[in-house]
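Read through the structure below, which is laid out as structure tokens, and then see the notes.
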Number of protein chains: 2
Amino acid sequence: MPEPRIDDVAAAAGVHRSTVSRAFSKPEAVRPETREHVLKVAAELGYSMSPLAQALRRRVSNLVPLIVPDITNPFFAELAHTTAAAARRQGYQLILCLTDGDQSLTSKYLDSVHSMYSPFGIIAPSTPVDLESLRRDAFDNRVVVIDRVNSDYSVPTVTVDSAHGIDLAFEHLSSLGHTEIAYAPGIVGTNTAYDRRKAYQRAASMRDVKPQVLGSTHTADIGSEVVDDWLDSAQRPTAVIASNDAIAFAVIAEFSTRNIRVPEDVSVVGFDGLDLGAHFNPRLTSVKQPIEAMGEISIQLGEKLMNGETAEHIMLEPTLLVRSSTGEVTS
Amino acid sequence: MPEPRIDDVAAAAGVHRSTVSRAFSKPEAVRPETREHVLKVAAELGYSMSPLAQALRRRVSNLVPLIVPDITNPFFAELAHTTAAAARRQGYQLILCLTDGDQSLTSKYLDSVHSMYSPFGIIAPSTPVDLESLRRDAFDNRVVVIDRVNSDYSVPTVTVDSAHGIDLAFEHLSSLGHTEIAYAPGIVGTNTAYDRRKAYQRAASMRDVKPQVLGSTHTADIGSEVVDDWLDSAQRPTAVIASNDAIAFAVIAEFSTRNIRVPEDVSVVGFDGLDLGAHFNPRLTSVKQPIEAMGEISIQLGEKLMNGETAEHIMLEPTLLVRSSTGEVTS
DNA sequence: TCCTCAAATGCAACCGATCTCACAATCGAT
DNA sequence: ATCGATTGTGAGATCGGTTGCATTTGAGGA
């Protein structure tokens with residue numbers, strides 16, 4: 001048997017199409033008894049509305065795109081995870097769009113979902129978003145960006161307070177006696193990468209620590225670059241703050257490969273606070289981003305956007321997750 | 001300006017709607033000159049077809065669901081990555097559906113995408129799929145399963161040869177002098193978990209190794225269970241094969257926490273061959289699943305399915321990725 | 001009992017495309 | 001020149017709902 005359509009339900013319930021439609025999508029517009037009857041008949045027939053047809057007529061769908069550069073990066077995986085959950089809770093279906101770092105794909109995806117009448121979209125960029133093109137491309141600006149945005153305050157954003165995060169890391173390391181604290185930057189380009197690095201510089205000078213940035217050329221193997229620089233350093237840092245957990249993993253792996261022990265010889269703290277870090281060796285101390293909140297809030301901002309409210313800029317506070325990759329300085 | 005519709009293009013080009021439609025979706029049915037003219041006019045207007053309207057009328061969309069239990073598990077992340085790429089290449093838009101281990105969500109998702117006229121769906125289950133319900137639920141059986149299927153050969157599947165994978169691990173460990181080789185199973189339930197464990201038992205007995213399965217109660221912390229069992233073992237295994245990389249990570253982290261060194265005190269080999277393992281400490285030796293091929297082939301099987309071809313069962317061969325978590329036995 | 005007005009329902013156009021069928025133009029063959 | 005077979009285009013129903021407007025229903029008041 002084919003799927004029942006709205007007319008089948010209408011016939012079976014002895015009412016008109018439009019009444020069935022209202023029974024589902026505008027409950028207050030129909031008499032309670034009628035509504036119940038229609039719903040019962042519909043249930044008996046195993047009827048459910050076609051989201052496609054709805055979207056076509058209403059010009060609004062429940063498909064919300066989340067655009068991320070790389071799902072293979074556990075940070076984005078966790079973000080996708082929490083955002084999908086938040087989306088589902090609100091009745092949206094999250095569409096995960098993977099750009100693989102290809103800028104042009106972003107606007108392509110945006111076009112594509114726009115033509116599916118998405119109510120809004122969420123972008124977690126790897127490189128600065130070209131907002132000019134976003135706006136023009138589509139979507140009437142109904143885009144939420146996870147990360148700061150340079151030039152344009154009309155786009156709502158959710159970010160994490162990098163400066164505070166870095167401060168937490170410094171504080172922790174200082175309390176363990178570290179005074180030579182270096183920084184391992186990630187891929188440049190994003191605002192967060194920039195913010196964190198900046199925050200490192202500031203925090204270092206505030207504490208009379210000589211800023212040392214390790215491995216800035218960014219070839220394929222970040223880990224060995226960082227460790228090379230560390231070894232070459234006149235005054236070897238006793239601690240390294242990585243700009244994110246993935247970098248921290250790579251750095252620790254490389255230290256270990258060269259028989260430099262973490263945290264005995266050098267402490268490492270990450271930035272992300274991924275669950276995965278709890279099963280790393282050693283278990284990774286890290287600045288924890290409130291990823292769950294980020295997902296939740298992105299959806300909320302999106303909904304405000306579609307209600308025509310003005311752009312908000314939410315900044316979330318990170319916390320410190322102390323595990324085993326940091327220890328007292330021994331010298 | 002509102003988005004142009006097909007009638008706008010038709011008017012501007014001086015032809016009928018249907019001709020425009022054909023110019024796009026059935027090129028051979030329209031005179032070349034007409035076609036070119038229509039396409040040019042459409043381009044000038046910045047016109048593109050509404051996928052929603054298309055899907056509604058054709059009763060086929062380009063939305064392909066990939067249902068996975070947990071994107072936070074890097075295996076599924078890599079799978080999603082490659083499958084999304086393969087899907088895009090064929091003009092599909094992958095919809096990632098996260099079940100979080102909630103069985104009932106699977107059929108919900110299936111219903112949902114079915115009503116969006118998905119041509120087929122892909123399921124990478126964490127627990128055995130209830131095919132009865134899948135079939136009945138929706139989709140006319142147009143589902144590809146990544147993992148074996150027990151009861152039903154009418155569903156196409158793509159699997160990896162677990163037995164061979166385990167053999168590779170054994171071979172490698174044997175060549176390093178290991179004779180006490182234990183196994184750390186993952187979450188039970190999936191066929192792959194079952195297959196791998198079975199394969200371990202068989203491979204062990206074939207090589208006169210006493211099978212030792214570590215940590216089978218499966219509380220929250222698998223790592224410490226495994227290590228507890230390892231410590232309690234009368235004859236401590238010199239090597240552990242983990243049923244997947246995530247388990248291997250957890251086990252190594254726990255070994256290390258208790259000051260047991262990998263690979264000096266015990267070798268560990270994983271199963272998945274994730275890129276992430278290359279940045280683990282120590283870099284993880286692992287049986288590598290051909291994840292890229294799995295994604296690609298799932299899409300292909302799906303396409304065959306929608307063309308009415310009969311179900312195929314593809315089995316892929318794993319390879320061994322030798323890194324640094326295994327070493328010669330020292331006793 | 002009749003009238004009024006609001007609430008509930010029916011009617012029919014519409015969202016943006018596809019597709020079957022009918023019709024016109026073109027062509028080769030007789 | 002006539003005719004049947006192709007080929008290309010137009011007409012209009014259709015996919016499965018939504019929605020503004022018209023109409024019916026029913027409660028309350030005179």
Side-chain angles (χ1 to χ4, degrees), chain A residues 1-39 41-42 45-63 111-119 138, chain B residues 1-39 41-42 45-63 111-119 138:
Chain A
M1 47 147 201
E3 304 278 310
R5 317 173 265 173
I6 197 170
D7 285 317
D8 300 330
V9 178
V15 297
H16 190 264
R17 247 201 338 299
S18 38
T19 303
V20 177
S21 170
R22 282 187 276 253
F24 277 91
S25 5
K26 217 181 296 180
E28 74 284 1
V30 68
R31 195 153 45 100
E33 310 124 64
T34 319
R35 196 175 93 83
E36 244 167 82
H37 175 230
V38 168
L39 259 31
V41 171
L45 266 53
Y47 169 79
S48 74
M49 290 216 159
S50 157
L52 248 54
Q54 282 191 148
L56 179 59
R57 181 62 234 241
R58 289 182 170 160
R59 314 187 66 124
V60 174
S61 75
N62 70 338
L63 271 26
D111 271 345
S112 152
V113 291
H114 177 236
S115 63
M116 293 181 173
Y117 298 120
S118 287
Chain B
M1 48 145 203
E3 304 279 309
R5 318 173 265 172
I6 197 170
D7 284 316
D8 300 331
V9 177
V15 297
H16 190 265
R17 247 201 335 307
S18 16
T19 303
V20 177
S21 171
R22 281 186 279 253
F24 277 91
S25 2
K26 217 182 295 180
E28 73 284 2
V30 67
R31 195 151 46 98
E33 309 122 67
T34 319
R35 194 174 96 83
E36 242 168 84
H37 175 230
V38 168
L39 258 32
V41 171
L45 264 54
Y47 168 79
S48 73
M49 289 215 160
S50 156
L52 249 53
Q54 278 190 153
L56 179 59
R57 183 61 236 243
R58 289 181 170 160
R59 314 187 66 125
V60 174
S61 74
N62 70 337
L63 270 27
D111 270 345
S112 153
V113 291
H114 177 237
S115 64
M116 293 182 172
Y117 298 120
S118 288

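Note that the structure is a prediction, hence the values are computed from the model and not measured. By convention in this document, chain letters (A, B, ...) are assigned in the order of the sequence lines, proteins followed by strands, and residues within each chain are numbered from 1.
Between A:Leu45 and A:Pro4, the shortest heavy-atom distance links the atoms O-CG, 3.4 Å. Of all heavy-atom pairs between B:Ala10 and B:His16, the closest is CB-C, 3.8 Å. Closest approach of A:Pro119 and A:Leu63 over heavy atoms only: CD-O, 3.6 Å. The two residues B:Met116 and A:Pro51 have their closest heavy-atom pair at CG-CG, 3.9 Å. Between B:Pro27 and B:Ser25, the shortest heavy-atom distance links the atoms CD-C, 3.6 Å.
Whole-Å rounding puts the A:Arg59 CZ to D:dT19 P distance at 12 Å. Regarding B:Ile6, its CD1 atom lies at a distance of 14 Å from the C1' atom of D:dG12, rounded to whole Å.
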Output, in order, the C-alpha distance, side-chain angles, deciding distance and verdict of side-chain contact (heavy atoms from CB on, under 4.5 Å) for B:Val30 and B:Thr19.
CA-CA 7 Å; B:Val30 67; B:Thr19 303; 4.0 Å; yes
Determine whether B:Ser50 and B:Glu3 satisfy the following criterion, side-chain contact (heavy atoms from CB on, under 4.5 Å), listing intermediate values before the conclusion.
CA-CA 10 Å; B:Ser50 156; B:Glu3 304 279 309; over 6 Å; no
Just do the side-chain contact (heavy atoms from CB on, under 4.5 Å) check on B:Ile6 and B:Tyr47 with the steps written out, would you?
CA-CA 8 Å; B:Ile6 197 170; B:Tyr47 168 79; 3.6 Å; yes
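Within the model, atoms CG of B:Leu52 and CD of A:Gln54 stand 11.0 Å from one another, a figure rounded to the nearest 0.5 Å. Rounding to the nearest 0.5 Å places CG of B:Asp8 at 5.5 Å from CZ of B:Arg5. Summarising the geometry, atom CD belonging to B:Glu28 is positioned 9.5 Å from atom CZ belonging to B:Arg35; distances are rounded to the nearest 0.5 Å.
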What nitrogen or oxygen pairs link the protein and nucleotides 22-27 of chain D at under 3.5 Å?
none

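Nucleotides of DNA chain C lying under 4.0 Å from heavy atoms of chain A occupy a range whose first and last members, 5' to 3', are C:dA8 to C:dG16.
Within residues 13-26 of chain A, the residues that have a heavy atom under 4.0 Å from DNA chain C are, in order of number, A:Val15, A:His16, A:Arg17, A:Ser18, A:Thr19, A:Arg22. Contacts between residues 46-58 of chain B and DNA chain D, counted as heavy-atom distances below 4.0 Å, involve B:Leu56, B:Arg57.
Under a 3.5 Å cut-off, the side chain of B:Ser61 and the backbone N or O of B:Ala55 do not form any donor-acceptor pair.
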Please, what dot-bracket string fits DNA chain C when only Watson-Crick and G-U pairs with both distances under 3.5 Å count, crossing ones use [ ] and pairs to another strand use |?
||||||||||||||||||||||||||||||
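Residue pairs that meet the salt bridge (charged side-chain N to carboxylate O under 4.0 Å, His left out) test with at least one member in residues 16-27 of chain B, sequence neighbours left out, are B:Asp7-B:Arg17.
Proximity of B:Tyr117 to the phosphate of D:dG16: a side-chain N or O atom is located under 4.0 Å from OP1 or OP2.
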